Amino acid sequence: MLQGPRKGAVALSAQGARVFYANAIFKLQKRGFIGPAYTLAKNVMPKISETEAAALNSGSVCFDRELFEGNPSTKRLLEKYKIKISPEEQAFIENETEALCEMLDSHQIDKDQNLPPEVWNYIRENKFMGMIIPKKFGGLGFSGHGHARVVEKIAGRNGAAAVTVMVPNSLGPGELLFHYGTPEQQNFYLPRLAHGIDIPCFGLTGAPNGSDAAGSMQDEGVVVQENGVLGMRVSFNKRYITLAPVATVVGLAFKLRDPNKLLTKGKEGITVALLPTEPNQFAPEGIKGLKVGPRHNPLNAAFMNGTVQGENVFIPMSCVIGGEAKTGYGWNMLVECLGEGRGISLPAMAVSSGRLSCLAVGGYARVRKQFKVPIANMEGVQEKLAVIVRNTYQCVAGQHLFDAILADGDKPPVLSAIMKQYCTERGREAVNEAMDVIGGSGIIKGPSNYLATAYCAMPIAITVEGANALTRSLIIFGQGLNRSHPHLLKLIESIQKGDDIIGFNQELKNIIVHAMSNLGSSIARGLSVQFQPKGNDIAGYYEAQMSRLAANFAFCSDVGMTMGGGLKTAEYISGRYADILSNLYIGYACLWYYQNHKNVKGLSKVLDIAMADCCYKIQEAFFGIFSNFPIPGLGPMMRVLTFPRGREYFQAKDSLRRDVSNLITTPTEVRALLTDNVFVSKKESDRVNQIARAVTLAFEADKVLSACRKEKREPRDEEQKLISAAEELRDKIIQVDTFEAIGKEHRGGFMTPTWTVAKLEKAEQ
């Protein structure tokens, strides 16, 4: 850290920048600059649609605001956010969840393309579908972190079961009912959902509206009064709906119109209704014409997924979640609930894949030998194992911090978008590297293959709940800038009013002062990090780097506003800003998680490789912006001011990669931390069980063999027993599955040729 006069000079430079530019704004105002700027802003700023306004007003801002302010702090994170599992949640994980995992046979589930009846019953009867429903309605009342840990453990065993549990606890009727339902709806449906009597699904996506769920929605309804009952005639065609083929209650989103002005409450717009597949008190005649069930086949993943359709279906107004008063407020409901759910469930699946890879693939690399040495000692394998460790640590840290933020009462939609996009991308990369390490045993499907199902399902996680490509290029920075920036939303609101030049004046001054303040901080911190050696204080070193990069981001974000409404469609630029924002969040999460687990021996090396990756990716995203910023001169200007010495960050050195990879291929405290909550079957024939047992055995046996070679002696009796036990288990682990037949018979009369060489030669003459 800077000391003495140098530190004081840096502080004065930042303060001086703020004072100088505040005076400059005053002079510009006196010269009549603000009026023309207001007119220009009105012309370049796009109108905010109703759905965009709903997104901007949903949820809350928290740590993301600090990132846009350019002044985040690990110390404040540690003081504010704590995470833990309740004794009740832990007991459920250790008992009911363990028992469920032991029931799951992934190979058979894939063959059957369904969960066994006993598994369905166990999930429903033990309230797995009602984890987030409060206890007063019969649910388990789990926290977001408890929910995540349950899904994480199940996903390590079988993805279809995890999705079956995940969806009702993510974006679904349960959460919508709890937050927005009428007391009558809550008292009827929530106990049924909690006890698994009803199976829910939610219909949002249709053919025209993929990631543009609201703008392109063509499912429409009209308010009508029939036989004295106020209701809606709705036509809809939904697809990709998880659990639809088995659902007994369907959440449905559609656009509602009221041309005859029959509504006395609520309004036109996107509306959410709950449709039972059988008559009940809200739909005494049932929902005639509702069709659920034709299945999709999502990459042979065995979870239920299909369509929800209806043509001119009559839906009583009593089926609208929240009743007539909530018509037209559906998008607000969905954005609010989606913001929390997508940040928990899909990241939990990604974390599960990473943890499983650390345990099973890291272990396999220690057990498997080629050229008479464990492949864990080969640099090409170590390179891939290091990526698995790095990505898993980043995702675990991000998950724990996000869950802690939720536990504190916040619902940050920007951070949830980051979590979904970042974790699923890093999870996919980790699984890809894991498949490369295990080679042939990864591509041969069967009961012994513990990774193929996760590998095949990764594109599903990338696609659902906002495709990653669009989440990155449109949502993360676009919504983040508008929602989390300390002044921009107020500036936009002043423009939308049409005549608020005084408000515009104030917010414009605030933004310019904010930009110049961050420029001062950026320059000051850029100088200070040059005197911050890494040494033994890895966390302190990267805290300084993150602080500098956060100030750079805040300043460059303010410069990005000069693009006006053009920034909304400049997806290359927006995507790079999103990369910076995402890696800043993950970087601080890694620092926060490290401080909470710094007693784990060897974890500083994992922190080092994870933070080096974050800094490098932030830097490269910055340089991508500098090279491609569309307004002439501003890109080079940002580069000179924020990175005057050019590129300063690089990926980890090979020596660090080697050390990090060894942390999951040997029995270390880091391996124990990163493989926490991975299900390991009690069956000794289970492949993950075998690998888990073999790691220490193989490691100790190899040490004995090494000592014998060094001492030029034969193993002693006890040593030989250890070596033999390790070899016996190794031989089992390297085997792959075979089948007498797969699909149609591959042997038979049709494979016997009806021709001979003589016949062919005669025919040719």
Side-chain angles (χ1 to χ4, degrees), residues 156 355-386 388-389 433-444 446-451 600-602 605 654-655 657-676 678-738:
R355 287 191 185 275
L356 177 62
S357 296
C358 285
L359 187 144
V361 178
Y364 180 87
R366 176 55 54 191
V367 174
R368 178 64 161 157
K369 288 187 175 182
Q370 295 284 273
F371 310 105
K372 298 182 180 181
V373 297
I375 62 173
N377 294 346
M378 297 178 175
E379 292 181 353
V381 172
Q382 290 173 345
E383 186 175 17
K384 295 180 178 299
L385 292 171
I388 294 171
V389 177
E433 300 288 35
M435 288 289 286
D436 284 356
V437 172
I438 61 177
S441 65
I443 63 175
I444 301 300
S448 300
N449 193 323
Y450 48 85
L451 201 58
V600 175
K601 186 178 179 180
K605 291 183 181 294
D654 293 345
S655 57
R657 297 185 193 193
R658 180 184 304 111
D659 292 344
V660 166
S661 73
N662 287 334
L663 291 172
I664 63 164
T665 63
T666 55
T668 65
E669 293 181 20
V670 167
R671 176 176 166 84
L673 178 68
L674 293 184
T675 61
D676 172 52
V678 177
F679 172 74
V680 178
S681 173
K682 296 180 177 63
K683 300 173 183 175
E684 292 191 356
S685 60
D686 180 83
R687 185 53 48 86
V688 175
N689 173 297
Q690 292 172 345
I691 293 174
R693 287 186 287 123
V695 171
T696 301
L697 199 60
F699 181 64
E700 295 298 330
D702 286 344
K703 285 202 300 184
V704 170
L705 289 169
S706 177
C708 289
R709 285 192 295 270
K710 185 177 181 180
E711 298 167 11
K712 297 181 180 180
R713 65 175 178 84
E714 294 296 319
R716 302 181 183 94
D717 290 345
E718 288 302 315
E719 292 174 334
Q720 187 57 54
K721 288 180 181 179
L722 175 65
I723 294 169
S724 297
E727 288 300 322
E728 181 182 359
L729 200 49
R730 176 182 287 114
D731 186 62
K732 292 178 180 178
I733 289 170
I734 64 176
Q735 304 304 318
V736 297
D737 297 297
T738 59

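All values reported here derive from a predicted model rather than from experimental measurement.
Put simply, the side chain of S441 gets close to the backbone of I438: a donor and an acceptor are under 3.5 Å apart. The main-chain N or O of A365 is never found under 3.5 Å from a side-chain atom of T665 such that the two would form a donor-acceptor pair. Proximity of a side-chain donor or acceptor of Q690 to a complementary backbone N or O of L729 within less than 3.5 Å is not detected. Side chain of R355 to main chain of D676: a donor-acceptor pair is present (N/O by atom type, distance under 3.5 Å, no hydrogens or angles). The backbone N or O of K721 lies less than 3.5 Å from no partner atom in the side chain of S724, so there is not a single donor-acceptor pair. Remark: the backbone N or O of L359 is paired with a side-chain donor or acceptor of R671 at under 3.5 angstrom. Counting only distance, with no hydrogens or angles, the side chain of R687 and the backbone of A360 share no donor-acceptor pair below 3.5 Å. Under the 3.5 Å distance criterion, the side-chain polar atoms of R693 are matched with a main-chain donor or acceptor of E684.
Taking all atoms of both residues into account, the shortest heavy-atom contact from V367 to A698 is CG2-CB, 4.3 Å. Scanning both residues, K601 and V670, for their nearest heavy atoms gives O-CG2, 3.4 Å. For the pair Q720 and P715, the tightest heavy-atom approach, listed with the atom from each and the gap, is OE1-CG, 3.6 Å.
The closest side-chain donor-acceptor pair between S681 and N689, if any, does not fall under 3.5 angstrom.
Note: K703 NZ to L722 CG = 10.0 Å, rounded to the nearest 0.5 Å. The SG atom of C358 lies 4.5 Å from the CD1 atom of I664; values are rounded to the nearest 0.5 Å.
A heavy-atom distance below 4.5 Å is not found between the side chains of Y450 and D686.
Salt bridge R716/E718: absent, no basic N to carboxylate O contact under 4.0 Å. Electrostatic pairing of R713 and E719 counts as a salt bridge here, judged by a charged N lying under 4.0 Å from a carboxylate O.
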